[in-house]
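Heads up: the structure comes next, in structure tokens.
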Amino acid sequence: MKKIRKAIIPAAGLGTRFLPATKTVPKEMLTIVDAPIIFYVVEEAVKSGIEDIVLIAGRGKHAIEDFFDTSYELEDRLLKDGKTEILERLENIRNMANIISIRQKQALGLGHAVWCGKKIIGNEPFAVLLGDEITVKTQQQISLTQQLVDGFAQTGRSSLGVLNVEDSLVSKYGIAEVSNSTPKFIIGSNQERFSYYNASKLLEKPKASETNSRWAITGRYVLTAKIFEILENQKPTKNNEIQLTDALDQLISLEGIDVYPSNSLRYDAGDKIGYLQANIEFALRNPELNEELKNYVIKLAQSLTKGTFS
Ligand code: UTP
């Protein structure tokens, strides 16, 4: 059984879609209800059995580090005030995982960010979870990262998670083409059965007319250390950035990559609309906020339909 113990979480992008907020605050620290985006990403990794997290950070590195560290003054105050519930929550966050942070001095692209984790990861296979993307499993389903980790335990091959998208969204994503029309199956660690395909080609944001595939690559991967060798020599392409997708495309011909479809909900929290959707939907799933927010949303929807909102 090949266990995935480490994960890289890239969180050093410039976050230009979220300026001016991201001038000083990394977008991964923007809040979804009452915790930063990165909290939900780390939580998914930890729940999938990851023990060590290599955080790739840029500007605002300390804000992320501090979030997962002890705050003596604050915790002392909460203890004195008898606020045990929130104190316990802060303790849980601090004990979630062993987090090692590395600085990506220049935002040279996602491929470069992953390569920055090489020294800590070494020769082991590892997971990658993009720090600005939140995935939420639907009921009877395991998380996307858990799916990839379970898959690797059985196949030993690199993999990536995909979601089915409509034609109009194809050009917004990396798209995975697959070579087998019928899927293969795996029984996961909690006996859940899920399917996978073999990737034949990865395309970065193609037009819908340029591919028959509708499998959009999500920000969840499990990779062998071979990817570091490829990234070492990777040249910048689209947007003058070292793209992870280019390196993955080469990995297909060297070792193969498997593609795992998922029904998880995915929020691109680095994008304004995705971020707002995540906030509304997370708050609606929160028992403390659900009732009040639901009433507000219904009223708002009514005034939007009537055209009385201004
Ligand atoms: P994005 O492309 O969404 O991040 O990268 P970005 O470049 O910050 O976004 P915009 O377009 O300017 O708003 C996906 C993930 O990879 C990280 C980002 O922090 C994000 O979590 N990333 C990207 C790095 O860590 N380093 C990079 O050089 C680029």
Side-chain angles (χ1 to χ4, degrees), residues 7-32 35-45 53-65 67-68 99-121 126-135 144-145 160-163 169 171-175 202-205 216-221 223 227-228 231-232 234-248 266-278:
I8 293 180
I9 300 187
L14 296 178
T16 53
R17 282 169 296 167
F18 247 116
L19 282 167
T22 44
K23 190 172 172 202
T24 49
V25 181
K27 69 176 156 183
E28 290 77 6
M29 284 304 288
L30 298 178
T31 310
I32 305 291
I37 298 167
I38 190 118
F39 163 78
Y40 299 97
V41 180
V42 169
E43 190 182 43
E44 179 180 336
I53 289 178
V54 184
L55 181 80
I56 311 297
R59 286 167 311 144
K61 177 174 179 277
H62 297 297
I64 308 184
E65 283 172 353
F67 177 76
F68 290 101
I99 298 183
I100 305 139
S101 79
I102 291 186
R103 191 170 195 111
Q104 184 190 20
K105 291 187 185 133
Q106 259 183 300
L108 298 178
L110 177 58
H112 180 259
V114 169
W115 177 82
C116 288
K118 179 178 177 231
K119 273 212 173 113
I120 310 279
I121 300 288
F126 59 100
V128 176
L129 294 89
L130 298 194
D132 63 349
E133 226 181 274
I134 302 177
T135 67
L144 194 42
T145 301
L160 44 90
V162 291
L163 301 175
L169 293 175
S171 62
K172 288 194 157 195
Y173 291 94
I175 297 289
L202 305 180
L203 306 158
E204 185 65 22
K205 302 188 174 130
I217 303 171
T218 65
R220 301 295 184 260
Y221 314 79
L223 302 172
I227 198 76
F228 293 131
L231 286 169
E232 190 93 38
Q234 196 71 47
K235 297 275 175 290
T237 54
K238 233 174 202 169
N239 300 331
N240 205 24
E241 290 188 348
I242 298 175
Q243 300 285 352
L244 181 62
T245 311
D246 294 340
L248 291 174
R266 168 193 184 271
Y267 302 92
D268 180 0
D271 169 80
K272 282 177 201 156
I273 288 290
Y275 175 78
L276 293 169
Q277 285 169 342

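We count ligands from 1, going down the list as the structure has it; atoms in each ligand are counted the same way.
With sequence neighbours excluded, the residues forming a side chain to side chain contact (heavy atoms under 4.5 Å, CB included) with Ala216 are Val165, Tyr173, Ile175, listed by chain and number. Under the rule for a side chain to side chain contact (heavy atoms under 4.5 Å, CB included), the partners of Gln106 that lie at least two apart in sequence or sit in another chain are Leu108.
Listed by atom number, the atoms of ligand 1 under 4.0 Å from Glu28 heavy atoms are 18 (C), 19 (O), 20 (C), 21 (O). The Ala107 neighbourhood of ligand 1 comprises atoms 28 (O), with distances under 4.0 Å to a heavy atom of that residue. Listed by number with element, the atoms of ligand 1 under 4.0 Å from a non-hydrogen atom of Gln104 are 24 (C), 25 (O), 26 (N), 27 (C), 28 (O). Of all atoms in ligand 1, listed by their number and element, those nearer than 4.0 Å to a heavy atom of Ala113 are 24 (C), 25 (O), 26 (N). Listed by number with element, the atoms of ligand 1 under 4.0 angstrom from any heavy atom of Leu108 are 28 (O). In summary, the atoms of ligand 1 found under 4.0 Å from a heavy atom of Lys27, numbered by their order in the structure, are 1 (P), 3 (O), 4 (O), 6 (P), 8 (O), 9 (O).
Contact annotation: the side chain of Leu55 approaches that of Ile38 to within less than 4.5 Å [non-hydrogen atoms, C-beta and beyond].
Closest to atom 12 (O) of ligand 1, if we only count protein heavy atoms, is Thr16 OG1, 2.6 Å. Considering only non-hydrogen protein atoms, atom 16 (O) of ligand 1 sits nearest to Leu110 CD1, 3.5 Å. Regarding atom 28 (O) of ligand 1, its nearest protein heavy-atom neighbour is Gly109 N, 2.8 Å. Nearest protein neighbour of atom 15 (C) of ligand 1, counting heavy atoms only, is Asp132 OD1, 4.0 Å. Counting protein heavy atoms only, atom 11 (O) of ligand 1 is closest to Arg17 NE, 3.1 Å. Of all protein heavy atoms, the one lying nearest to atom 24 (C) of ligand 1 is Gly13 N, 3.3 Å. The single protein non-hydrogen atom nearest to atom 8 (O) of ligand 1 is Gly15 N, 2.7 Å, given as residue, atom name and distance. Nearest protein heavy-atom contact of atom 25 (O) of ligand 1 is Ala12 N, 2.8 Å.
Using a 4.0 Å cut-off between charged nitrogen and carboxylate oxygen, Asp268 and Arg17 count as a salt-bridge pair.
For ligand 1, the polar-atom distance check finds an N/O of Pro10 within less than 3.5 Å of one of the ligand's N/O atoms.
Here Phe18 and Tyr275 bring their ring centres to under 6.0 angstrom of each other.
Thr22 places a side-chain N or O within donor-acceptor distance of the main-chain N or O of Gly15, the cut-off being under 3.5 Å. Listed for the Gln243 side chain is a donor-acceptor partner under 3.5 Å among the backbone atoms of Lys238. With hydrogens and angles disregarded, no donor-acceptor distance shorter than 3.5 Å links the side chain of Arg266 to the backbone of Gly219.
What you find for Gln104 and Ala12 is that their closest heavy atoms are OE1-CB, 3.2 Å.
Proximity of atom 2 (O) of ligand 1 to the protein is not indicated, since no non-hydrogen protein atom lies closer than 4.0 angstrom.
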